[in-house]
Asks: 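Just dropping this structure here.
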Amino acid sequence: MQHTNSLIHSTSPYLLQHAHNPVNWFAWGDEALQKAKHENKPILLSIGYSSCHWCHVMERESFENEQTAAVMNEYFVNIKVDREERPDLDHIYMSAIQTLTGSGGWPLNVFLTPDLKPFYGGTYFPPKPMHNRASWVDVLMHMADAYKSRRDEVEKQAEQLLGFVTKNVAFKKNDFDTNPEILFSNSDFEKIFTQMEMRMDKQHGGFERAPKFLGTMNMDWLLHHEYFTKYNNQQNNFHHSKPSPIEEGKGEVAKENDENLFFNHVSHTLLKMSRGGIFDCVAGGIARYSTDAEWFAPHFEKMLYDNALFLQILANEYSLSKNEQIKITIEKIFDYLMEEMQDKNGGFYSALDADSEGVEGKYYVWTDEELKQLLTTDEYEEIKNLFNILPEGNWEHGYNILHTTLTPTNKIAYQSAIEKLKQERKNRIKPLLDNKQLLAWNALLISALSKCFLVLKDKKYKLAALNGLQFVEEKLINNSFPNLFHQHTLGKSKHNAYLDDYAFLMQAYLDAYALNFDESFLHKAYQIAQHIHQNFSNIDSPFYFFTSKNQTDVVARTTEVYDGALPSPNSVICRCFLKLSYLFDDNNLFAIAEKQLQEIKSAIVQHPTSFANWAIAAYEYTNGLTEIICTGNEAANFAAEIQTQFIPCKMIFISNKNTSIEKLKDYFSEQNKIYVCKNKSCLAPVNSVAEALKNI
């Protein structure tokens, strides 16, 4: 290589992609930060991630260009950051640019003063002026001149921007009912549903128009809403007798007046996704989003967190519908994760890029001629008809994306063809694998795998979940639990864990308890709760900071509350604190969760698609958590059977003679009993699951 910069010493795949740019890149650290101060130069901070398509484009156009690199090297200290390694930095500077420009995204390019305050930035900049965007070199020269000749203006803008970033999260209160006895009323939940329904695409499934993201938390809330509005009123009708419109073969649209509207939209969406181009029907796994409204043409990158969240909603839906296609999709995603995303240490990698050989999606698409040569006549005809294969291609440049609205007619030919395509793809140049193993995303997957085991009863999910926890405990404990690392890559663990790492792992321990009823998981979740409160608290707000009080290399501490592609760590904390407050009789945790919901209520009701996990927390707070305690020789079997049911706001425990949790000791009996408790009172114990379900 002609050029090599200091990024060559990084373990991040994204930073290593830039290690041979002519730009004199530095990783974020003392060397670069001291250089900026010593030379009194502004910092050019460029943030992205390994599977970011437009990050690759800007690199090819600008960062690999000798003349452009010379300008960057002369006037700036250039720092590259992997947003997945340092989400804290990404949050700070993304907030600044969103404040400045009204939008954000990646690549994120931000100009900082030597004391790390942002004064200008944006996302992708082209090599030449176009579409009302200045060229990258023009931006560089303008910022260099501003810093040199108008320093006072630069400093003033930097102070103002930092002020916006660091101000406390505050939500405008509304004129909804504010009865202190009823934080969330039935009318509030109906308003949430009305807002969410307005955003449903009832023809193609999902929410909003293109580009269309998965919306898994929205769907999860809809299932909760159905349960509490329908099951509570028509108990035995909750388990749906009607198939979805797709399976009836009577059209694709879930009718507005259909009594199974919630179910239809979730089921309809998941089936449309599993048959669309967004889902890889050859090897499994779902892409990050669809570029169109019909789930046809994805942005082909596959993220671990998307697949984890998708598995969770699939498991919840399967517990309701027992739909075979949903089960097949779960198994296909699991196979993909185990074959392509799992490290030998039990942890899971972060992402698979969208691009290969410099072309987005090339790894996944097929020409008609390729299929003819690869498949037998029967196999080709089945694939051609099923996936609408066209000689000229159904996508770009003569390629076909595999998508369908049909089911296979010749299943033998279909399975044989899919296996041949899978084997043939192994001969292609594979997209870059981002081999970072992030604690937060692994924890999300542990929760998902736990739920898959509960509804499918296949031990492979249990084993993978427990191996994932073992990976965390072997590789990501920083000296002593619950001090944790954020990531593990190439044998090295680094970066102190952030709030989402702790929050998602706390949830994972609570979910994994049901795998084998290991009470140490519950104690560890409680330890994490205490650690969060001690190290991430904000004295001016009930919401926790994203970085710990010990983090020293950031200019500000931000608070994340929006549920976006991932649930916000604060919404996960709220839900976990409610559960742990019941289990450990900890009124402080309950009070914190309650204060968070009081503060954010108006935002949940007015903008539920941005606060969907919070909306689920609102249901858990309002309805209270149902505690189900099983004891006796059949306790584990009782618990396992109940777990197959979709029962929101429940916690299932086993009490035995060795129980270490004070609350559970009083329930121990040698006889087979199931207690159903709520609001600190219990019904008389029963000795069958059927009777327990009636009590629930």
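These values consider heavy atoms only, across backbone and side chains, with no hydrogens, waters or symmetry-generated copies.
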Asks: Please verify the inter-ring angle class for H265 with H268; under 30° counts as parallel, over 60° as perpendicular, anything in between as tilted.
Replies: tilted
Asks: To the closest 0.5 Å, what do you measure between CD1 (I286) and CD1 (I278)?
Replies: 4.5 Å
Asks: Say whether, by atom type as modelled, one donor and one acceptor occur between the side chain of D501 and the main chain of Y498 under 3.5 angstrom.
Replies: yes
Asks: As an exercise, state the distance from SG of C281 to CD1 of I418, rounded to the nearest 0.5 Å.
Replies: 4.5 Å
Asks: Return yes if some donor-acceptor pair links the side-chain N/O of S51 with the main-chain N/O of L352 below 3.5 Å, else return no.
Replies: no
Asks: With a cut-off of 6.0 Å (strictly less than), are more than 12 heavy atoms of other residues, nucleotides or ligands near CZ of R60?
Replies: yes
Asks: Taking atom CD as the centre, does E31 end up with more than 12 heavy-atom neighbours from other residues, nucleotides or ligands that are less than 6.0 angstrom away?
Replies: no
Asks: Between the side chain of E560 and the main-chain N/O of S568, is any donor-acceptor distance below 3.5 Å?
Replies: no
Asks: Which atom pair, heavy atoms only, marks the closest approach of C55 to G48?
Replies: SG-CA, 3.8 Å
Asks: With salt bridge (charged side-chain N to carboxylate O under 4.0 Å, His left out) as the criterion, how do K148 and E153 come out once you've worked through the C-alpha distance, each side chain's angles and the decisive distance to 0.1 Å?
Replies: CA-CA 11 Å; K148 180 178 180 181; E153 294 178 30; over 6 Å; no
Asks: Indicate yes or no for a side-chain donor-acceptor contact from T291 to the backbone of A297 under 3.5 Å, with no hydrogens or angles considered.
Replies: yes
Asks: Which pair of non-hydrogen atoms, one from Q487 and one from K436, has the smallest distance, and what is that distance?
Replies: NE2-CD, 3.8 Å
Asks: Just so I know, are the side chains of T559 and F546 near enough to count as touching, which here means a heavy-atom distance under 4.5 Å?
Replies: no
Asks: How long is the straight-line distance from CG of D88 back to CD of Q551, given to the nearest 0.5 Å?
Replies: 5.0 Å
Asks: Do R288 and N307 have side-chain N/O donor and acceptor atoms under 3.5 Å apart?
Replies: no
Asks: Is any side-chain heavy atom of L33 closer than 4.5 Å to one of I79?
Replies: yes
Asks: Under the ring pair (Phe, Tyr, Trp, His ring centres under 6.0 Å) rule, what do Y147 and F111 come out as? Steps first, then yes or no, please.
Replies: CA-CA 10 Å; Y147 187 80; F111 296 89; over 10 Å; no
Asks: If I compare all heavy atoms of G284 with all of F279, which pair ends up nearest, and what's the gap?
Replies: CA-CZ, 4.2 Å
Asks: Yes or no on side chain to side chain donor-acceptor pair (under 3.5 Å) for D563 and S571, after CA distance, side-chain angles and deciding distance?
Replies: CA-CA 8 Å; D563 296 321; S571 69; 2.9 Å; yes
Asks: Does atom CG of N427 have more than 12 heavy-atom neighbours, drawn from other residues, nucleotides or ligands, at distances under 6.0 Å?
Replies: yes
Asks: Might you work through the ring pair (Phe, Tyr, Trp, His ring centres under 6.0 Å) test for F611 and H607, ending with a clear yes or no?
Replies: CA-CA 7 Å; F611 297 92; H607 308 288; 7.1 Å; no
Asks: Any salt bridge between K302 and D353, counting N to O under 4.0 Å?
Replies: no
Asks: I'd like to know if D138 and R133 make a salt bridge, using a cut-off of under 4.0 Å between side-chain N and carboxylate O.
Replies: no
Asks: Calculate, to the nearest 0.5 Å, the distance between atoms CZ and CG belonging to R86 and L45 respectively.
Replies: 10.5 Å
Asks: Is it true that atom NZ of K494 has more than 12 heavy atoms of other residues, nucleotides or ligands lying nearer than 6.0 Å?
Replies: yes
Asks: Quick one: does R83's side chain get under 4.5 Å of W106's, heavy atoms only?
Replies: yes
Asks: Check G564 against M217 and note the closest heavy-atom contact, atom names and distance.
Replies: O-CE, 3.3 Å
Asks: Are the side chains of L402 and L421 in touch, meaning some heavy atoms are under 4.5 Å apart?
Replies: yes
Asks: Are K362 and D355 close enough, and set up right, to give a salt bridge (charged side-chain N to carboxylate O under 4.0 Å, His left out), and what steps lead you there?
Replies: CA-CA 7 Å; K362 186 173 182 179; D355 298 9; over 6 Å; no
Asks: Has Y75 got more than 12 heavy atoms of other residues, nucleotides or ligands less than 6.0 Å from its OH?
Replies: no
Asks: Report the distance from atom CG of L505 to atom CG of D500, rounding to the nearest 0.5 Å.
Replies: 11.0 Å
Asks: Passes side chain to side chain donor-acceptor pair (under 3.5 Å), H142 versus D145? Steps please.
Replies: CA-CA 5 Å; H142 186 70; D145 178 67; 5.5 Å; no
Asks: Got a donor-acceptor contact below 3.5 angstrom from the S290 side chain to the A293 backbone?
Replies: no
Asks: According to ring pair (Phe, Tyr, Trp, His ring centres under 6.0 Å), who are the partners of Y305, at least two apart in sequence or on a separate chain?
Replies: W441
Asks: Can a cation-pi geometry be assigned to K80 and W25, taking NZ or CZ under 6.0 Å from the six-membered ring centre and within 45° of the ring axis?
Replies: yes
Asks: Which is it for F300 and Y364 under the ring pair (Phe, Tyr, Trp, His ring centres under 6.0 Å) test, yes or no, and what are the steps along the way?
Replies: CA-CA 8 Å; F300 287 90; Y364 299 99; 5.6 Å; yes
Asks: Apply ring pair (Phe, Tyr, Trp, His ring centres under 6.0 Å) to H403 and list each qualifying residue two or more places apart in sequence or on a separate chain.
Replies: F296
Asks: Is any side-chain N of the basic residue among E339 and K332 closer than 4.0 Å to the acidic one's carboxylate O?
Replies: no
Asks: To check you understand the geometry: which heavy-atom pair defines the closest contact between L7 and L16, and what is its length?
Replies: O-CD2, 3.5 Å
Asks: Is the number of heavy atoms from other residues, nucleotides or ligands under 6.0 Å of K430 NZ greater than 12?
Replies: yes
Asks: Given 3.5 Å as the limit, does a donor-acceptor pair link the side chain of N65 with the main chain of T68, or not?
Replies: yes
Asks: Hey, could you give me the OH/CD1 distance between Y562 and I600, rounded to the nearest 0.5 Å?
Replies: 8.0 Å
Asks: Quick one: does L44's side chain get under 4.5 Å of V77's, heavy atoms only?
Replies: no
Asks: Between D280 and R425, does a salt bridge (charged side-chain N to carboxylate O under 4.0 Å, His left out) hold up when you go through it step by step?
Replies: CA-CA 12 Å; D280 182 359; R425 258 198 352 205; 2.6 Å; yes
Asks: Verify, without hydrogens or angle tests, whether N400 (side chain) and T367 (backbone) share a donor-acceptor contact under 3.5 angstrom.
Replies: no
Asks: Quick check: does any side chain N or O of H486 sit under 3.5 Å from a backbone N or O of E84, one acting as donor and the other as acceptor?
Replies: yes
Asks: Which atoms form the tightest heavy-atom contact between A351 and M303, and what is the distance?
Replies: CB-SD, 3.7 Å
Asks: Go through the steps to decide whether T558 and H91 satisfy the test side chain to side chain donor-acceptor pair (under 3.5 Å), and finish with yes or no.
Replies: CA-CA 7 Å; T558 58; H91 289 163; 4.5 Å; no
Asks: Just wondering, do P107 and F125 contact through their side chains at under 4.5 Å, heavy atoms?
Replies: no
Asks: Within a strict 4.5 Å, meaning less than it, do heavy atoms of the E360 and H299 side chains meet?
Replies: yes
Asks: Looking at M72, is its backbone amide N or carbonyl O close enough to the side chain of N78 to form a donor-acceptor pair, meaning the two atoms are under 3.5 Å apart?
Replies: yes
Asks: Let's go through D343 and Y349 carefully: what are the C-alpha distance in whole Å and the side-chain angles of both, what is the deciding distance for side chain to side chain donor-acceptor pair (under 3.5 Å) to 0.1 Å, and is it a yes or a no?
Replies: CA-CA 7 Å; D343 189 88; Y349 305 131; 2.7 Å; yes
Asks: Taking C-beta and beyond as the side chain, do V139 and N109 meet within less than 4.5 Å on heavy atoms?
Replies: no
Asks: Does a salt bridge link D201 with K212, judged by any charged N lying under 4.0 Å from a carboxylate O?
Replies: yes
Asks: Please check this pair: side chain of Y124 against backbone of V57, looking for a donor-acceptor N/O pair closer than 3.5 Å.
Replies: no
